[in-house]
There are 2 protein chains.
Amino acid sequence: MKLIDGKATAQTIREELKTEVAALKDRLGRAPGLAVVLVGEDPASQVYVRNKIKACEDTGIVSKAFRPEASVSQAELEDLVRRLNADPELDGILVQLPLPRGLDSQRILDLIDPAKDVDGFHPVSMGRLTLGLPGLRPCTPAGVMELLRRYDIPTKGKKAVVVGRSNIVGKPMALLLAQPGVDATVTLCHSRTRDLAAECRQADILVAAIGKANFITADMIKDGAVVIDVGMNRTEKGLAGDCDFHAMKDKVAAITPVPGGVGPMTIAMLMVNTLAACRRRMGLES
Amino acid sequence: MKLIDGKATAQTIREELKTEVAALKDRLGRAPGLAVVLVGEDPASQVYVRNKIKACEDTGIVSKAFRPEASVSQAELEDLVRRLNADPELDGILVQLPLPRGLDSQRILDLIDPAKDVDGFHPVSMGRLTLGLPGLRPCTPAGVMELLRRYDIPTKGKKAVVVGRSNIVGKPMALLLAQPGVDATVTLCHSRTRDLAAECRQADILVAAIGKANFITADMIKDGAVVIDVGMNRTEKGLAGDCDFHAMKDKVAAITPVPGGVGPMTIAMLMVNTLAACRRRMGLES
């Protein structure tokens, strides 16, 4: 069994980025800039935002934090996004989700300039992904693709099964795996799938993005499969993935641990997206 | 075996639309308007455009045809699209593809106001489809969904296999079948799929959009499957679908013929989209 070490890979990417960011800064006279918007005081969101700001510091990207109170009005938050869109030194805008009740997330996300949509959640970004056009990709599925590439995991003609049909992971993941050049045959499973175990057992590559601790058991995995676990579930025993890592680890060809698998890659890809957005906005090749 | 009669269903939809268009015309003082742009003299495109204009006439939608010569420049064609975007009496804009060589289709399609994107090919339309947001859907997969609904074909928990990963059919089709409420478990197959026959044999619902006459043979179909054939291939013996209709017709639960299956639905859904675009643009519920 090969452990797919997302933490180490993310660190490698950060080192690569450090060099690229420095070179870009020399060329442009400024570093790429990322706006991070955190509304309210949600503790989990605060941790995520802190990690993202830390990743910016590590790579040389300038982060600017905006922290409206939970009582901010829809109109005020929309005004903030418009100001960030107009700021020439900001290349990326990240609005940490979920927003407090009463705020319309979709309207906020729709307002972000697609050129600065480093989360890849804007309809234009998602449409360009679906159409196979260049653009900013959602960070988690982009991170999974990067792990597959860097670990030389073959995908062409392989059977990939994605469990979970979220907008953030499952759907873009399925589309990325099916695109020409990647060429997996992709099955998208979800809560209404009739025989999930039978579907999973067909997978050469299984991507689990369900949000239930240890939901995918060892008997649902084909011998020699590659397992990518996107789950991050709090349990009494600590963080657990969607896959029963210990039960399946001697059966698989490769697997991501939780934590230290896909999680760190998500933040690394946010940095990659911010650099790419900066290059594209400045008219450099991306 | 039940024959899924797309021609009759399309006719029913046209009749329904006629009533709705007339009511909308009474309310707005004008009928919905569709701009149809045909560049050059491609004979197949001329037939398609003629059929679309005819469908407008049948349903009471006002069509306006624009026929630039094949020598039109990119800039001139873009100007035309901008004028059509600005015309308040046009609710839909259809640019017949393929465009002659030398013209950049993607830039033209990107320029169409998403509110008027009745073909559903704009990145915003495709993104909204992927995200499960309301919007204009590509006509062919929307037509397939409409056939499944009107023929009461159950989809929840069923296994759907889509063969072909085009932007116009395969990818949006897979996404529509997987969306909540439809709830099929969807496998997207393509030219790099290793064992296509084995994938197809699992299908409760098979959608073929490959473009090769009789490519899907009877032995690739499970007994009692529902087969939707999007293919339209010219052969020596006339039009043929992607599925070997005659060989599999006694094996399936239901099947679309070619011609007379999905084809007429595509044009009917273009009319549905034009009406929906009109309603939405005029601030009426869609």
Side-chain angles (χ1 to χ4, degrees), chain A residues 105-107 109-110 114 117 120-135 138 154-168 170-172 174-175 177-196 198-200 202-204, chain B residues 105-107 109-110 114 117 120-135 138 154-168 170-172 174-175 177-196 198-200 202-204:
Chain A
S105 308
Q106 193 61 51
R107 278 185 56 190
L109 295 183
D110 282 1
D117 177 38
F121 297 160
H122 192 284
V124 166
S125 304
M126 206 58 84
R128 295 184 66 86
L129 185 159
T130 304
L131 294 167
L133 298 171
T155 56
K156 275 181 209 278
K158 298 294 178 186
K159 178 97 194 215
V161 175
V162 176
V163 188
R165 58 179 161 180
S166 72
N167 288 339
I168 294 177
K171 283 187 276 186
L175 290 161
L177 286 164
Q179 72 190 348
V182 181
D183 291 322
T185 299
V186 182
T187 300
L188 183 57
C189 297
H190 45 75
S191 55
R192 305 291 166 154
T193 292
R194 216 170 12 186
D195 189 348
L196 182 63
E199 299 295 341
C200 290
Q202 296 185 45
D204 299 309
Chain B
S105 308
Q106 194 60 50
R107 278 184 57 189
L109 295 183
D110 282 1
D117 177 37
F121 297 159
H122 191 284
V124 166
S125 304
M126 206 58 84
R128 295 185 66 86
L129 185 160
T130 303
L131 294 166
L133 299 170
T155 55
K156 275 181 209 280
K158 299 293 179 187
K159 179 98 194 214
V161 175
V162 176
V163 189
R165 59 179 161 180
S166 72
N167 288 339
I168 294 177
K171 283 188 278 185
L175 290 161
L177 286 164
Q179 72 188 348
V182 181
D183 290 322
T185 298
V186 183
T187 300
L188 184 58
C189 298
H190 44 76
S191 54
R192 304 292 167 154
T193 292
R194 214 171 13 187
D195 189 348
L196 183 63
E199 299 295 342
C200 290
Q202 296 186 44
D204 299 310

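Order of the sequence lines sets the chain letters (A, B, ...), proteins ahead of strands, with each chain counted from 1. Note that the coordinates shown come from a computational prediction; the quantities given were computed from them, not determined experimentally.
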task: For residues Thr130(A) and Lys171(B), report the shortest heavy-atom separation together with the two atoms involved.
output: O-NZ, 2.6 Å
query: With a 4.5 angstrom heavy-atom cut-off, which part of Pro114(B) approaches chain A: side chain, backbone, both or neither?
result: neither
- request: Under 4.5 Å, counting heavy-atom pairs only, tell me which of Arg165(B), Lys159(B), Lys156(B) racks up the most with chain A.
  value: Arg165(B)
message: Would Thr187(B) and Gln202(B) count as a side-chain contact (heavy atoms from CB on, under 4.5 Å) here? Give the steps.
response: CA-CA 10 Å; Thr187(B) 300; Gln202(B) 296 186 44; over 6 Å; no
query: By a 4.5 Å heavy-atom criterion (distance strictly below it), what part of Gln179(B) contacts chain A: side chain, backbone, both, or neither?
result: backbone
query: With only heavy atoms counted, which part of Asp110(B) is less than 4.5 Å from chain A, the side chain, the backbone, both or neither?
result: side chain
- prompt: Do Leu133(A) and Gln106(B) have side-chain heavy atoms sitting under 4.5 Å apart?
  reply: yes
- prompt: Between Met126(A) and Gly120(A), which heavy-atom pair has the shortest distance, and what is it?
  reply: CE-O, 3.7 Å
task: Tell me, out of Leu175(B), Leu129(B), Val162(B), who's got the most heavy-atom pairs with chain A below 4.5 Å.
output: Leu175(B)
Region of Ile168(B) in contact with chain A, defined by heavy-atom distances below 4.5 Å: neither
Selection from Val186(B), Leu177(B), Val161(B), Val124(B) maximising heavy-atom pairs under 4.5 Å formed with chain A: Val186(B)
- prompt: Would Asp183(A) and Arg194(B) pass as an ion pair if we require N to O under 4.0 Å?
  reply: no
field: Heavy-atom proximity to chain A below 4.5 Å, by part of Arg128(B)
entry: both
- prompt: So which part of Ala184(B) gets closer than 4.5 Å to some heavy atom of chain A, the side chain, the backbone, both or neither?
  reply: backbone
field: Side-chain heavy-atom pair Thr185(B), Leu188(A) within 4.5 angstrom cut-off
entry: no
message: Can you tell me which of Ser191(B), Pro172(B), Pro180(B) forms the most heavy-atom pairs within a distance under 4.5 Å of chain A?
response: Pro180(B)
query: Is the backbone N or O of Phe121(A) less than 3.5 Å from a side-chain atom of Asp117(A), with the two atoms forming a donor-acceptor pair by type?
result: yes
